[in-house]
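Below is one structure; the comments refer to it alone.
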Amino acid sequence: MNTDPVVTHPDLQLITLDVNGERHDVITEPRRTLVDVLRHELRLTGTHVGCEHGICGACTVLVDERPVRACLMFAAQAEGARIRTVESLSEDGGGGSSGGGGGELNDLQRAFSEHHALQCGFCTPGFLMLAEGFLAERPDATKEEIREVVASNLCRCTGYQTIVEAIDACATTRRQACANPCNSPAGKEH
């Protein structure tokens, strides 16, 4: 008797996801969204489910380093891509499948804390991943550009100003850190 769930249940499929640098084989229905698989199959609950219509941004993750609404993407569509969740931000190198590695907060997370860019915290993981993807693409972003980008996610508590300030402070710190070692004789290639 065949006990392979994919064979015995033709409505299931086996997909392989690369999440936070780890490979995960998942048996799931083709209609399952990425956010559902991340939360329920992989137990990465830092990615939140809000509106389930792609409006609020609480489910934002990075797919191939670009911000994506995980509630609008089928998990099967992410096969072959590199997925990063908020758990990947801790300084222990990725958090792993345990849902967060207990490492130190990264610079963006520290900036959010220092600038009080969160209140209830429900939207925070989505803003962190949106900002992480945006700053990777636009490290020299202005406050106005940051303000325009964060307007795509919803927050009902902060009023956005502190979120903009936190992202701007992180971007400034990253630029300064790169400028110093990058311009020093030790940082230049020979």
Side-chain angles (χ1 to χ4, degrees), residues 19-22 35 38-39 42-51 54-71 82-184 186-187:
V19 182
N20 300 334
E22 292 184 12
V35 72
L38 291 172
R39 291 183 56 82
L42 303 182
R43 302 288 184 233
L44 294 168
T45 57
T47 303
H48 292 165
V49 179
C51 67
I55 296 168
C56 74
C59 67
T60 302
V61 297
L62 298 183
V63 176
D64 289 334
E65 299 304 318
R66 300 191 60 104
V68 168
R69 310 285 195 189
C71 73
R82 291 177 330 276
I83 304 161
R84 285 183 58 204
T85 67
V86 71
E87 289 88 352
S88 74
L89 296 181
S90 67
E91 302 236 345
D92 70 347
S97 61
S98 63
E104 295 293 318
L105 298 179
N106 84 344
D107 57 344
L108 182 59
Q109 292 168 309
R110 284 191 307 271
F112 265 63
S113 177
E114 291 164 4
H115 288 82
H116 308 288
L118 59 133
Q119 287 183 22
C120 82
F122 186 81
C123 65
T124 304
F127 275 105
L128 286 167
M129 298 314 291
L130 176 68
E132 186 73 10
F134 176 68
L135 291 180
E137 189 175 301
R138 296 270 303 126
D140 58 344
T142 65
K143 263 191 174 179
E144 194 53 44
E145 291 169 323
I146 293 168
R147 186 172 284 109
E148 186 175 319
V149 165
V150 302
S152 68
N153 281 24
L154 297 180
C155 175
R156 295 182 176 181
C157 301
T158 66
Y160 294 90
Q161 186 57 35
T162 55
I163 295 171
V164 171
E165 290 170 5
I167 297 168
D168 183 57
C170 180
T172 299
T173 302
R174 287 181 182 182
R175 284 191 301 266
Q176 290 170 346
C178 183
N180 293 333
C182 296
N183 292 331
S184 70

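Computed from a predicted structure; not experimentally measured. As a basis for the values below, the full set of heavy atoms in this structure was taken, side chains included, without hydrogen atoms, waters or symmetry mates.
Shown here for Ala58 and Gly50, the closest heavy-atom pair between the two residues is CB-N, 4.3 Å. Between Ile146 and Ala141, the shortest heavy-atom distance links the atoms CG1-CB, 4.0 Å. The two residues Thr60 and Gly126 come nearest to each other via the heavy atoms CB-O, 3.6 Å. The shortest non-hydrogen separation linking Cys59 to Val35 is CB-CG2, 3.9 Å. Shown here for Leu128 and Val86, the closest heavy-atom pair between the two residues is CD1-CG2, 3.9 Å. When all heavy atoms of Pro139 and Ala171 are compared, the pair lying nearest together is O-CB, 4.0 Å.
Judged by distance alone, the side chain of Asp64 and the main-chain N or O of Arg82 form a donor-acceptor pair under 3.5 Å. In this structure a side-chain-to-backbone donor-acceptor pair under 3.5 Å is present from His48 to Phe122. With hydrogens and angles ignored, the 3.5 Å screen pairs no side-chain donor or acceptor of Glu22 with any backbone N or O of Val19.
When side chains are defined from C-beta on, Leu62 counts as touching Pro67, because their heavy atoms get closer than 4.5 Å. Leu44 places a side-chain heavy atom less than 4.5 Å from the side chain of Asn20.
Tested against Arg84, the residues Val63, Val61, Leu89 include a single side-chain contact (heavy atoms from CB on, under 4.5 Å) partner, Leu89.
Using cut-offs of 30° and 60° on the angle between ring planes, the pair Phe127 and Tyr160 is perpendicular.
There is a side-chain donor-acceptor pair under 3.5 Å between Glu87 and Thr85. With 3.5 Å as the limit, one finds a donor-acceptor pair spanning the side chains of Thr172 and Arg175.
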